[in-house]
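As the structure is a computational prediction, the values presented were derived from the model and not from experiment. Chain naming here is simple, since letters A, B, ... match the order of the sequence lines and numbering starts at 1 in each.
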Amino acid sequence: MVRIHDTLLGRDVELEPRVPGRVSIYVCGPTVYEVPHVGHGRTALVYDVIRRYLEWRGFAVAYVSNVTNVDDRIIARAAAEGATEQEISARYEATYWAELERLGVRRPDDVPHATEFIEPMVDLIAQLVASGHAYVIEGEGVYFAVDSYGGYGELSHRRLGDLLDSAGSRVDVDERKRSPVDFALWKAAKPGEPDWDSPWGRGRPGWHIECSAMSLELLGEGFDIHGGGDDLVFPHHENERAQAEAAGHEFARHWIHSGMVMIGGEKMSKSLGNFTTLGEAIDAHGDRAFRLAVLQVHYRSQMELGDTELRAAAEAVGRLDALVRRTVAAGIAVTGVPVADDVADRFRAAMDDDFGTPGGVGVVFDTVRRANSAIDAGDEPGAARLVATVVELAGALGLEVGAGETVAERDAEIDAMVAERDAARATKDFAAADRLRDELTARGITLEDTPRGTVWHR
RNA sequence: GGUGGCGUAGCCGAGUGGCUCAGGCAAGGGUCUGCAAAACCCUCGACGUGGGUUCGAUUCCCACCGCCACCUCCA
């Protein structure tokens with residue numbers, strides 16, 4: 001059984017899906033007004049792995065993640081560049097998905113955009129107005145009356161009184177609101193901004209309402225898991241929940257939140273300007289190093305994710321590929337070999353405990369060592385089994401082992417040089433052999449001499 | 001101030017009331033190799049501080065110190 005840490009309850013609970021065997025997940029995606037940074041990459045990867053693991057575990061997963069494409073910052077960016085909001089959001093959304101694809105993050109089953117769901121949002125707001133949970137301020141918009149919903153604060157573990165005390169201390173409050181903590185469901189149109197028709201005049205939706213409406217629309221009442229970065233717990237998710245439940249809907253059964261990426265001990269964020277773009281990080285260290293670095297830290301913890309961490313992870317990825325090279329060089333066939341059950345059990349135990357990827361990764365690398373030992377010992381069946389297990393379990397985490405060019409790429413010219421060197425070695429002409437190896441090294445080729453011949457990789 | 005969380009060996013980072021041992025990176029020594037590479041073995045070193053509970057605590061409890069996040073937009 002899979003246990004997950006539920007933010008609402010503040011403890012681990014068994015995942016008992018609404019429909020046995022099927023898990024529905026909604027994860028808050030980015031607002032696309034800038035290129036993604038490594039923090040966005042981590043969050044997307046964390047949920048990608050949760051999705052993959054649940055599937056590996058036998059669940060049918062419905063995975064939805066939205067993109068916010070109407071928002072103050074998009075409008076501001078469009079104005080600054082003399083472009084339309086659609087141009088800005090389309091541009092940065094394209095970058096977002098392109099980078100995630102490089103990371104091997106699978107596309108969600110559905111990617112709703114705020115602008116495509118105006119009608120469900122308006123309907124939801126209308127329900128709230130009709131039931132007295134929301135009110136109109138002329139010329140300003142529609143607001144949610146926080147007082148009217150008794151569960152407010154439960155998700156983020158805040159008392160309404162404390163919220164009222166701190167409201168206004170950091171941000172100006174519109175005194176026409178009934179309570180300083182009330183928030184906008186619908187914002188009245190302003191000149192030059194995108195707007196839509198509504199019973200309250202033209203305008204655009206508030207931020208929180210889009211996720212309430214879209215998650216319910218696509219996944220239905222009482223969907224299983226709602227996730228996102230932990231900076232969204234308050235106010236975003238608190239508000240989403242309040243709106244949906246106040247309107248009479250059964251909202252998410254479980255809430256999960258992932259930790260932030262830190263840089264030099266501070267949260268990485270666009271507003272602080274202390275970010276590395278995701279693309280730069282992948283360029284510098286590779287997609288698998290990025291994935292492994294993320295998996296080596298529990299998803300709920302804050303983590304540093306800079307060059308130091310990525311370099312270390314890249315070295316570790318090299319061990320995975322080296323294992324496959326050694327296996328191939330030793331002539332050990334792995335396809336179709338069943339996994340070692342005891343290892344899979346350890347892996348499952350770690351992962352079932354709130355997606356304990358660091359433990360799972362530990363099991364994988366422990367198995368890498370054992371597999372190498374088995375190869376050294378000439379235990380071919382044992383090695384085959386352990387290597388098959390490594391490939392399988394790493395695959396469950398979305399980590400391809402021995403992928404692509406590192407293993408079996410053919411290159412006639414390099415093969416010829418390697419053959420020439422082998423011939424030189426056979427006649428003990430080591431000067432010539434070393435000269436050839438130096439040439440290859442200069443071209444980024446590393447040679448490994450094995451009992452069954454020389455293999456090379458980049 | 002409120003809420004949530006964290007402090008583990010040179011670094012990153014799991015985990016557990018006692019059992020030989022997370023794992024990754026780095027460092028030193030060794031085996032293998034013509035030399036390398038890769039691999040394996042060994043070594044190095046830990047649980048913020050002070051109390052308490054206990055036969056025994058890094059693990060439970062209390063206090064303290066330090067750090068981070070959220071309380072405004074934010075993955």
Within the structure shown, what part of the strands sits under 4.0 Å from [X] by heavy-atom distance: base, sugar-phosphate, or nothing?
X        : result
A:Gly265 : sugar-phosphate
A:Gly29  : sugar-phosphate
A:Val46  : nothing
A:Thr308 : nothing
A:His236 : nothing
A:Pro235 : sugar-phosphate
A:Val233 : nothing
A:Leu232 : sugar-phosphate

So does [X] pair up with [Y], basic N to acidic O under 4.0 Å?
X        : Y        : result
A:Arg51  : A:Asp109 : yes
A:Asp422 : A:Arg425 : yes
A:Arg443 : A:Glu413 : yes
A:Arg458 : A:Asp321 : no
A:Asp224 : A:Arg253 : yes
A:Asp429 : A:Arg435 : no
A:Arg421 : A:Asp449 : yes
A:Glu154 : A:Arg241 : yes
A:Arg326 : A:Glu448 : no

[N] and [M]: how far apart are their [atom1] atoms, nearest whole angstrom?
N      : M      : atom1 : value
B:rC42 : B:rA14 : P     : 25 Å
B:rA26 : B:rC68 : P     : 30 Å
B:rC21 : B:rC47 : P     : 15 Å
B:rC60 : B:rG15 : P     : 12 Å
B:rA57 : B:rU8  : C1'   : 14 Å
B:rC65 : B:rU49 : P     : 15 Å
B:rC41 : B:rG4  : P     : 45 Å
B:rG30 : B:rC19 : P     : 32 Å

Across all strands, who's sitting opposite [N] as a Watson-Crick or G-U wobble pair, both distances under 3.5 Å?
N      : answer
B:rC40 : B:rG30
B:rC70 : B:rG2
B:rA75 : none
B:rU20 : none
B:rU54 : none
B:rC35 : none
B:rC25 : B:rG10

Original post:
Should A:Asp354 and A:Arg300 count as side-chain neighbours, where that means a heavy-atom distance under 4.5 Å?
Top reply: yes

Original post:
Going by heavy atoms in the side chains, are A:Val105 and A:Arg291 under 4.5 Å from each other?
Top reply: yes

Original post:
Looking at the side chain of A:Ala322, which of B:rA38, B:rG23, B:rA75 is the nearest nucleotide?
Top reply: B:rA38

Original post:
In terms of side-chain heavy atoms of A:Met262, which of B:rA39, B:rG23, B:rA69 is nearest?
Top reply: B:rA69

Tell me: [atom1] of [X] to [atom2] of [N], nearest whole Å?
X        : N      : atom1 : atom2 : result
A:Met303 : B:rG13 : CE    : C1'   : 9 Å
A:Asp307 : B:rC25 : CG    : C1'   : 14 Å
A:Glu309 : B:rA26 : CD    : P     : 14 Å
A:Asn372 : B:rA39 : CG    : C1'   : 5 Å
A:Arg369 : B:rG23 : CZ    : P     : 7 Å
A:Met260 : B:rC73 : CE    : C1'   : 13 Å
A:Phe365 : B:rG24 : CZ    : C1'   : 7 Å
A:Ile256 : B:rA75 : CD1   : C1'   : 13 Å

So, is [X] close to the [N] phosphate, meaning a side-chain N or O under 4.0 Å from OP1 or OP2?
X        : N      : answer
A:Arg326 : B:rA37 : no
A:Arg319 : B:rA39 : yes
A:Lys267 : B:rC70 : yes

What does the list of N/O pairs under 3.5 Å between the protein and nucleotides 28-36 of chain B look like, with a distance for each?
residue: B:rG34; atom: O6; partner: A:Arg425; partner atom: NE; Å: 3.4
residue: B:rG34; atom: N1; partner: A:Asp434; partner atom: OD1; Å: 3.0
residue: B:rG34; atom: N2; partner: A:Asp434; partner atom: OD1; Å: 3.4
residue: B:rG34; atom: N2; partner: A:Asp434; partner atom: OD2; Å: 2.6
residue: B:rC35; atom: O2; partner: A:Arg437; partner atom: NH2; Å: 2.4
residue: B:rC35; atom: N3; partner: A:Arg437; partner atom: NH1; Å: 2.9
residue: B:rC35; atom: N3; partner: A:Arg437; partner atom: NH2; Å: 3.3
residue: B:rC35; atom: N4; partner: A:Asp449; partner atom: OD2; Å: 3.1
residue: B:rA36; atom: N1; partner: A:Asp449; partner atom: N; Å: 3.2
residue: B:rA36; atom: N1; partner: A:Asp449; partner atom: OD2; Å: 3.2
residue: B:rA36; atom: N3; partner: A:Arg437; partner atom: NH1; Å: 3.0

Original post:
Measuring from A:Ser65:OG to A:Leu218:CG, what's the distance to the nearest 0.5 Å?
Top reply: 11.5 Å

**OP:** Mind telling me whether A:Trp255 and A:His237 have parallel, tilted or perpendicular rings, with 30° and 60° as the class edges?
**Re:** tilted

Dump the pairs, protein N or O against N or O of nucleotides 3-6 of chain B, anything under 3.5 Å, distances to one decimal.
residue: B:rU3; atom: O2'; partner: A:Ser156; partner atom: O; Å: 3.3
residue: B:rU3; atom: O2'; partner: A:His157; partner atom: O; Å: 3.1

Original post:
Mapping A:Val297 and A:Glu315 onto RNA chain B by nearest heavy atom, which one lands closer to the 5' end?
Top reply: A:Val297

Subject >> First of A:Pro358 and A:Gly228 reached from the 5' end of RNA chain B, by closest nucleotide >> reply: A:Pro358

